[in-house]
Every structure is written in C-alpha cells, then in structure tokens.
Amino acid sequence: MTVPPRLGVNIDHVATLRNARGGANPDPVEAALLALRSGADGITAHLREDRRHIRDEDLARLRAEIRAPLNMEMAATDEMVAIARDLRPHACCIVPERREEVTTEGGLDVAGQTDWLGPVVRALSSKGIRVSLFIDPDPLQISAAASVGTAVVELHTGAYALGADGELGRLKAAAAQAAALGLEVHAGHGLSFGNVAPVAAISEIAELNIGHFLIGQAIFDGLGPTVQEMRRLMTVARSV
Ligand code: PXP
C-alpha cells in the first residue's frame with residue numbers, strides 16, 4: 001500500500017494576524033490543535049530573528065500542548081541553536097533568513113557553508129532533534145546536505161508554485177537523488193489546493209509543510225475543512 005506524505009501545517013500566519021492587533025487572538029496554539037484534529041500529522045512554526053510572527057512563548061506552549069511532532073523552522077544562528085537545544089522539538093528545519101524578506105525566498109546555500117552548517121547539524125542532532133535543511137532542488141546542494149550529516153532535506157517548491165518551466169522535473173530528480181543518498185525528503189513553500197497534487201505524487205516525498213495558503217483559505221472554509229481537504233488531495237495524489 002502507498003503511504004501518503006505527512007502533512008505539516010505551518011501556523012506562522014495565525015500569529016501574524018494576532019500580532020497585527022496585539023493581544024492573544026487568534027491563538028496559534030489553538031489553530032495547531034484544530035489542524036491536528038482535522039488530519040494534520042505535525043505542526044511547523046518558524047521562530048524568526050525579528051519575532052515577526054511566532055514568539056518564544058508560542059513555541060514553549062506548542063511544545064507543552066501538542067502531542068504530534070513539532071517542527072521548528074529557524075536560521076542557523078547561535079541564538080536559534082541555543083533555543084532549539086533547550087526546547088528540543090521533534091525536528092528543526094534550517095532555513096536562510098534575511099530580515100527584509102517577506103518570506104523564505106530561496107533555499108540554503110549548503111555547499112557554500114559546510115563549515116558552519118556541519119557543527120549546527122551536530123549541535124541539534126546530539127539533542128535528539130531530527131535536522132532538515134531547506135534547499136532548492138539542486139544536485140550540488142543535495143550532495144552538500146548529505147555531506148554535513150543532516151537526516152532530512154526539505155525541497156523548496158517556491159519556483160514550482162510560481163509556474164517556472166521544468167521545476168516539477170527538477171523536484172522529481174532532486175527527490176530521487178536525495179533518497180538515494182539516504183536522506184528523508186520533505187517539500188514545501190507556496191503549495192495550494194491547485195498545485196499540491198503533482199508534488200504529493202512524488203513517491204520519495206515523505207512530508208509536505210504548508211502554511212500561507214491554508215491559513216488564507218481558512219478565512220473562507222474554516223481551518224478544519226481546509227486542512228481536511230488538503231489531506232484528502234495529498235492522499236488521492238499518492239494513490240493514483
Ligand atoms: N517550508 C519551509 C521551510 C518554509 O520556510 C515555509 C514558509 O515559512 C514553508 C514550508 C511553508 O510555505 P507556505 O507558507 O508558502 O506554504
């Protein structure tokens with residue numbers, strides 16, 4: 001039987017909405033619990049250096065209140081590594097981060113920073129955290145990711161989501177290369193009801209992390225039904 005990819009729901013933008021007015025609503029932890037009740041397999045939250053959405057106390061509450069795997073997205077900085085080693089989430093996904101960007105715009109340059117990323121991967125793995133590196137579907141970056149000892153690569157689907165020529169083929173080739181190197185393969189960024197199926201169908205992909213579309217669509221359909229529909233589309237895509 002084909003196992004469908006796991007769905008990690010990124011709740012950052014529930015916190016974005018909360019922070020727009022201050023106060024406590026809407027609560028990202030409540031959103032996480034509802035997403036899990038609606039078919040999500042895990043929760044993803046990105047603690048940015050500027051704390052523009054998720055805050056330290058959100059992560060602490062998520063860690064305490066959800067039973068499902070928590071995936072902390074973070075930059076490879078000393079501050080974030082210390083927070084993650086203390087929090088001990090199930091997984092950490094290392095992403096590039098620039099203060100002026102609106103979202104994570106491209107993958108990590110692992111090949112250009114192996115000396116820095118190797119120790120970061122070890123510092124997290126030694127605490128039992130499953131480390132993932134967020135990279136473009138580029139053969140050079142995949143080999144470099146394997147060389148620094150990460151367990152997982154998350155392939156950036158942003159260019160695919162924007163409709164760039166040949167991107168689905170690059171994702172398929174990258175997933176096959178990473179799996180052949182023994183890496184678990186995840187993917188995410190810009191995925192929606194309209195474009196998720198071809199990515200969910202790639203047999204090596206074990207997990208998709210999806211945020212912005214789900215939180216936006218929840219305005220119209222509610223978060224529970226939106227997560228259920230994404231879960232359904234992913235399962236159908238993998239079973240055909
Ligand atoms: N995966 C990673 C590593 C990300 O940085 C993001 C964006 O925060 C996502 C997945 C989810 O992207 P989106 O919000 O576009 O679904």
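Just so you know, these numbers use all the heavy atoms, side chains as well, and skip hydrogens, waters and symmetry mates. Just so you know, ligand 1 is whichever comes first in the structure, and atom 1 is the first atom listed for that ligand. For reference, positions follow the sequence shown, starting with 1.
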Margin query: Angle between ring planes, H53 versus H13, binned at 30° and 60°: parallel, tilted or perpendicular?
Written below: perpendicular
Checklist line | Numbered atoms of ligand 1 (with element) below 4.0 Å of V95, judged on heavy atoms | finding: 3 (C)
Next item on the list: State whether a side-chain donor-acceptor pair under 3.5 Å links R55 with N19.
Entry: yes
Next item on the list: Might you confirm whether atom CD of Q228 has over 12 heavy atoms from other residues, nucleotides or ligands at distances under 6.0 Å?
Entry: yes
Next item on the list: May I ask you to check if ligand 1 and E154 share an N or O to N or O distance below 3.5 Å?
Entry: yes
Checklist line | Enumerated ligand 1 atoms positioned under 4.0 Å from heavy atoms of G190 | finding: 12 (O), 13 (P), 15 (O), 16 (O)
Check: Is it true that the side chains of E154 and H156 contain a donor and an acceptor less than 3.5 Å apart?
Finding: no
Check: For ligand 1, which part of H156 has a heavy atom less than 4.0 Å away: the side chain, the backbone, both, or neither?
Finding: neither
Item checked: Ligand-residue contact atoms, ligand 1 with N10, heavy atoms, under 4.0 Å -> 8 (O)
Notebook entry, point to check: What are the atoms of ligand 1, with element, lying closer than 4.0 Å to any heavy atom of N209?
Noted result: 10 (C), 11 (C)
Checklist line | Geometric N/O contact C93 with ligand 1, under 3.5 angstrom | finding: no
Margin query: For D109 and Q113, which I'm curious about, is there any donor-acceptor pair between the side chains at under 3.5 Å?
Written below: no
Next item on the list: Could you check M72, R52, E97 and say which one makes a side-chain contact (heavy atoms from CB on, under 4.5 Å) with H46?
Entry: E97
Checklist line | Residue-ligand contact F213/ligand 1, heavy atom below 4.0 Å | finding: no
Item checked: N/O separation below 3.5 Å, I210 to ligand 1 -> no
Notebook entry, point to check: Considering only heavy atoms, which of H212, E73, E207 lies nearest to atom 5 (O) of ligand 1?
Noted result: E73
Check: Among side-chain atoms of N10 and T44, is any donor-acceptor pair under 3.5 angstrom?
Finding: no
